[in-house]
Structure formats: structure tokens, C-alpha cells
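Comments concern the structure below.
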2 protein chains.
Amino acid sequence: MATKAPPGCEQIVSNRERSMFVNVNAHPGSRPRTLGQLGELSRARVILSEFKYNKGTEIFGEAEPADYIYQVGDGAVRTHKLLSDGRRQIGAFHLAGDIFGLENGLTHRFTAEAIVDTTVRLMKRCSLEHVAETDAMVALDLLNMTTSNLRHAEDHMLLLGRKTSLERVAAFLREMDLRLTAAGVMALPMSRRDIADYLGLTLETVSRALSHLHGMGILGFLGQTQRQIVLLDRGRLAELDL
Amino acid sequence: MATKAPPGCEQIVSNRERSMFVNVNAHPGSRPRTLGQLGELSRARVILSEFKYNKGTEIFGEAEPADYIYQVGDGAVRTHKLLSDGRRQIGAFHLAGDIFGLENGLTHRFTAEAIVDTTVRLMKRCSLEHVAETDAMVALDLLNMTTSNLRHAEDHMLLLGRKTSLERVAAFLREMDLRLTAAGVMALPMSRRDIADYLGLTLETVSRALSHLHGMGILGFLGQTQRQIVLLDRGRLAELDL
DNA sequence: CGGCCTTTTGATGCCGATCAAATTCAGTGG
DNA sequence: CCACTGAATTTGATCGGCATCAAAAGGCCG
């Protein structure tokens, strides 16, 4: 991987033996992490590289060997599974500071793609595993990160199994509001199709739900691009998300 | 909990400082575990109790303090979340030997109930946590168990978000076939409603899908009870589960 | 301005939900 | 063992929410 970059992917820096995650929160434009607590991991010294992936390019594929773990620098990443006929389920969106691609087994369980032009830091997984075998604190950090992912997946099962389309979109907006609202505006990096594949809906249904919320006065669209959303009434939005 | 048993729950044994999980697989009627690898945990000496829960009774509730972790002895357990209006999503079924109720945070994220009369072994969580803080091997075992749960939840998200009713039921049958088929017969402990709430469907739709598979010659029902199922053609069942 | 892509909006269709009733099953007591 | 009872399951009829199909509107970038 460090020797030959795939199309749409460009290596930026590659330093050995540098602490990977130091000053993550000092990264310009990043906000406090809600997933992926780092803890002791930030002290583990590991091989580090920084890559840039163009919009739409694959970072790793499902069932590929999981040799690295990743952290979003600037940009956004989606992870998904595909059925043989092309139906897609997005498992999570990863924003600035989030860790993704952390596996316990040998291979990735999702495909990861850059939603927009994205910089990614990556570290050799084997070096981390080696540390975890002897350092219980590092192992507990890995456990905490995995538990965060599990909690998210469990909540998402309830959404996918039992919520209506309006409830799903409301839940999505609340989740994104927590993670990327700045100056009252939520700038969504992902398309309606991505949102639909995250929520188990079609893009038309997502669009209709957003229009409906707009008509109810709960949210507004901002000028130029439809991907900028203003939440006008968080209280009434919360009522829709059972 | 050890001082006052709730209705439908009866304490059987309570031994301090005994290894909790020794000889799990020697338990009569239990088969090899597919979830919940124990590894080093089986060496951790902890407080142990064994309880019996009657069919339908609650073992712990969502958002209750998670003071114990549990292992199914004989019987079966379902874990679920509820929406305020009663819609239910079952996250997992736990069969003989399975660990459940393992949390990293302070509280349970699901409600757990006995599907049939069930014996459960439980251990104080704090004693386990204490060990994990210093023993990296124990911490890695916890990580492995959590990762198993995560993998299951991730696969289930794809099912709930994107699969048809027939595909969901086929996937369910294959999962149960792996876990509890004995002598060619799958004796399901759970009702059609439980299956429906696991698969994000209604009980009628589950029943129709099973009838359809029966009509296709892929499965047969066995005499006395409709909960005993014979898989006649695993190959064609697999083709339905994309 | 013009071409392409994303999003919105409208019309229609279908899968699974809902409502309803018949049938089978499990438990109980005679 | 069998009759009775209530629960679980199956099966049928109908409904509705979301998917699908289609087209118009808006945004992005040359």
C-alpha cells in the first residue's frame, strides 16, 4: 500500500515511529469526537502515513486483509456492505477525527469510500496488536472503541427494523446535528442516496421526508446548496424520533 | 439481586470464588459455542451464581445498572429494545453457552428475557473489570466477545435495511440451523412473534414465508409442534439468502 | 450559456402490514 | 384418553407506506 497508491489516492506523508494520533483535536476544523475514544492509544508509537483520497474512491474493500486502521483527518468516509444484486447498506458515516477500519479478525467487514476529498491517517495494525497483547490499557481502549461501534450498530438495528421513514430521517438529522453542526448550519457531505442507503430507504423517500420537515417549519435549507440544513426546532424534531 | 429474587426467578446455587465457566461445553445438551469465546476468561476466578428464570420473565431491563454478565446454561434468552409505543426490535437470541449482558458502560443497552424456562450463570462484573485492567489477555477476550457481537449486529443491519421478507426468514433459518440443529431437526424455542421482531417483520409475514418455503420443498414441519423444523434442502435455502 | 448531475415532485404499483377468521396446538381437568 | 379452553399459528382479504417509474426543477462547473 505504501509502495503503490491506487487511483484517486495520493500519499502525503509517511513517518515511521511517530505517534499517530497526537493533537487530533487541535486539527483545524475538527470538533470534539463522539466516537472513537483514543485514550492510551495516543501514546502507542506506530508507523504512520497520511493519504488523500479523492471523492468517491475506495479506501479499502470488504473482505480485504485488514492491515491498517484509519482515522479521518479532513473530509468524510462511508462504510457499507453490498448484496450480490447491488443493494447497499451503509453502516456508518465517519467524520473528522473518527477511527474506522478497526477489525479484530483478519479482514474488513465493510467497504470504505471517501464521500468527499478526504485525508486519512493510517497505522499498521500489527504493531498495534503487538502492543495490545501486553498492555491491558491499550487493549481496553480498543475495547472501548469497539463498544462504541457496537452501541451505534444496536441503535441502528432498532431504526432499520422498526422506525418509519420520517422517524429515520429525524434520527439521522439529530445524529448529524450532534456531529457536524457549526454556526447553526449542518453541512452534509453525503448525497440523498447515501442517506437513503444508511437509513434503509430510497433517495426519493428521504427527499420527501426532508421536504415534509421543511413544510412543518422544523428545518430550513440554506441558499446555494441543498446540502446545507438549518435546524429551526430541535424540540419538535426530537419528538419525531421515538 | 442475590438477596431478593424477582418473580419468576429462583436462585439455584451461589458459590464465591469459583471459576465461572469451567466445563461449559461438558454441560449436558449444550453444543459448541459459535459466539462468546471465553479463552482466558475461564481462568478468572469470580463470584458465581446460578439462577433459573421462568418462561417469559425479565432477566434485566434496558438502562438498568449492568452489575453482572450472564451465560445461558439450559434454555434460551432474547434481548430487545422497545420504542415508546411498543414496537420491539430483538437484537439477538442467546442459546446454551452464549454470553449476554456484557456491557462496557454502566447500564444495559437491551432488555433480556427468558424465552423458555432457562438457567443462567452470572458473575459480578466489577470483579471481571478489575482483572481486565491488569491482564491484557482477559481484556483481549472481552474485546473478542464484543467484536463477535459487533459482527452479528453489522450483518443484521444489512438484513434489516435491505433484504426482502423471504431473504430475512431464509437467513434466520440458516443462522438457527448452525446453532441448534440436532439429529436433523431444528427445535425453535421462540415464537413467530419473536422471529418477526428479530427480522423487522410481522408474525403473519414470517408465517407466510415459512409456508412458502414449505411449499417449495425446502423445509418440513415435524409432527407434534410447528416449532420443529426439518431443513430438506440447505442448498436452495442458501440461494435465497443473498 | 449548456451539459450533467442531484434533488424534488408527481403518478402508480407492490410488498408487507393490518384486520379478520379458521385451524392447530398445548395445557388442564374430568 | 378425551373434552374443553385459550394461545399460537396459518390463511385469507384488504390497506397503506414506501418503492418504483417518470419528469421537472435546481445546482455545479466547464
Side-chain angles (χ1 to χ4, degrees), chain A residues 54-56 78 83 85-89 115-117 159-170 172-173 186-216 219-229 240, chain B residues 54-56 78 83 85-89 115-117 159-173 187-216 219-229 240:
Chain A
N54 291 333
K55 175 179 176 172
R78 61 180 175 244
L83 292 176
D85 61 358
R87 280 173 285 173
R88 182 175 72 150
Q89 179 63 44
I115 297 174
V116 293
D117 291 355
L159 179 148
L160 293 171
R162 288 302 180 210
K163 291 188 181 179
T164 66
S165 61
L166 193 60
E167 288 165 354
R168 294 181 201 210
V169 171
F172 169 76
L173 289 172
M186 189 183 341
L188 298 176
M190 70 290 284
S191 69
R192 299 290 186 260
R193 170 166 292 282
D194 287 338
I195 298 171
D197 285 346
Y198 179 59
L199 300 178
L201 300 169
T202 60
L203 63 91
E204 292 95 330
T205 298
V206 170
S207 178
R208 273 183 249 271
L210 290 171
S211 296
H212 189 228
L213 292 171
H214 181 60
M216 291 172 76
L219 60 85
F221 296 107
L222 208 64
Q224 306 288 50
T225 163
Q226 297 300 70
R227 291 196 188 175
Q228 292 196 316
I229 290 178
L240 295 174
Chain B
N54 290 334
K55 174 177 175 174
R78 60 179 176 247
L83 292 176
D85 62 357
R87 280 173 285 172
R88 181 176 73 151
Q89 179 63 44
I115 297 174
V116 293
D117 291 355
L159 180 148
L160 293 170
R162 289 303 180 209
K163 290 187 181 179
T164 66
S165 61
L166 194 60
E167 289 165 352
R168 293 180 201 211
V169 171
F172 169 76
L173 289 173
L188 297 176
M190 70 290 282
S191 69
R192 299 290 185 260
R193 170 166 292 283
D194 287 339
I195 299 172
D197 285 346
Y198 179 59
L199 299 177
L201 299 169
T202 60
L203 62 91
E204 292 95 330
T205 298
V206 171
S207 178
R208 274 183 250 270
L210 289 171
S211 296
H212 189 230
L213 293 170
H214 182 60
M216 292 171 76
L219 61 84
F221 295 108
L222 208 64
Q224 308 290 47
T225 163
Q226 297 299 71
R227 291 198 188 174
Q228 292 195 316
I229 290 179
L240 294 173

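By convention in this document, chain letters (A, B, ...) are assigned in the order of the sequence lines, proteins followed by strands, and residues within each chain are numbered from 1.
- The CZ-P distance, from Arg168(B) to dA17(C), rounds to 8 Å in whole Å.
- To the nearest 0.5 Å, atom OG1 of residue Thr164(B) and atom CG of residue Leu159(B) are 9.0 Å apart.
- For Leu203(B), counting side-chain heavy atoms from C-beta on, the closest listed nucleotide (dT8(C), dT10(D), dA17(C)) is dT10(D).
- Atom CG of Leu160(B) and atom C1' of dC15(C) are 17 Å apart (whole Å).
- At the phosphate of dT9(C), OP1 or OP2 sits under 4.0 Å from a side-chain N or O atom of Ser211(A).
- As rounded to whole Å, 10 Å separates atom P of dT9(D) from atom CG of Leu210(B).
- Put simply, CD1 on Ile229(B) is 14 Å from P on dC25(C), counting in whole angstrom units.
- Under 4.0 angstrom from either OP1 or OP2 of dC18(D) there lies no side-chain N or O belonging to Thr205(A).
- Looking at the side chain of Thr202(A), the nearest of the listed nucleotides dT6(C), dA19(D), dG16(C) is dA19(D).
- For dG27(D), the OP1/OP2 oxygens have no side-chain nitrogen or oxygen of Arg227(A) closer than 4.0 Å.
- Residue Val206(A) is the one, among Arg162(A) and Val206(A), whose nearest nucleotide of DNA chain C lies closer to the 5' end (criterion: closest heavy atom).
- Rounding to the nearest 0.5 Å places CG of Leu210(B) at 5.0 Å from CZ of Arg192(B).
- Between Asp197(A) atom CG and dT6(C) atom P there is a gap of 13 Å when expressed in whole angstrom units.
- As a whole-Å value, the separation of Gln228(B) CD from dA26(C) P is 9 Å.
- Remark: side-chain polar atoms of Gln228(B) are not paired, donor with acceptor, to backbone N or O of Phe221(B) under 3.5 angstrom.
- For Arg192(A), counting side-chain heavy atoms from C-beta on, the closest listed nucleotide (dT7(C), dT10(D), dT9(C)) is dT7(C).
- Rounding to the nearest 0.5 Å places CG of Asp117(B) at 8.0 Å from NZ of Lys55(B).
- The CZ-P distance, from Arg87(B) to dG17(D), rounds to 13 Å in whole Å.
- Counting distance only, with no hydrogens placed and no angle test, the side-chain atoms of Arg208(B) and the base atoms of dG12(D) include a donor-acceptor pair under 3.5 Å.
- Relative to the side chain of Phe221(B), the nucleotides dT10(D), dT9(D), dA17(C) differ in distance, and dT10(D) lies closest.
- Considering CZ of Arg88(B) and CZ of Arg193(B), their distance stands at 7.0 Å, rounded to 0.5 Å.
- Contact check, Ser165(A) against dG17(D): no side-chain N or O comes under 4.0 Å of OP1 or OP2.
- Nucleic acid contact for Ser191(A): sugar-phosphate only, since backbone atoms but no base atoms lie under 4.0 Å from a heavy atom of the residue.
- Atoms NZ (Lys55(B)) and P (dA7(D)) sit 12 Å apart, rounded to a whole Å.
- Of the residues near DNA chain C, Leu166(B) and Glu204(A), the one whose nearest nucleotide (by heavy atom distance) lies more toward the 5' end is Glu204(A).
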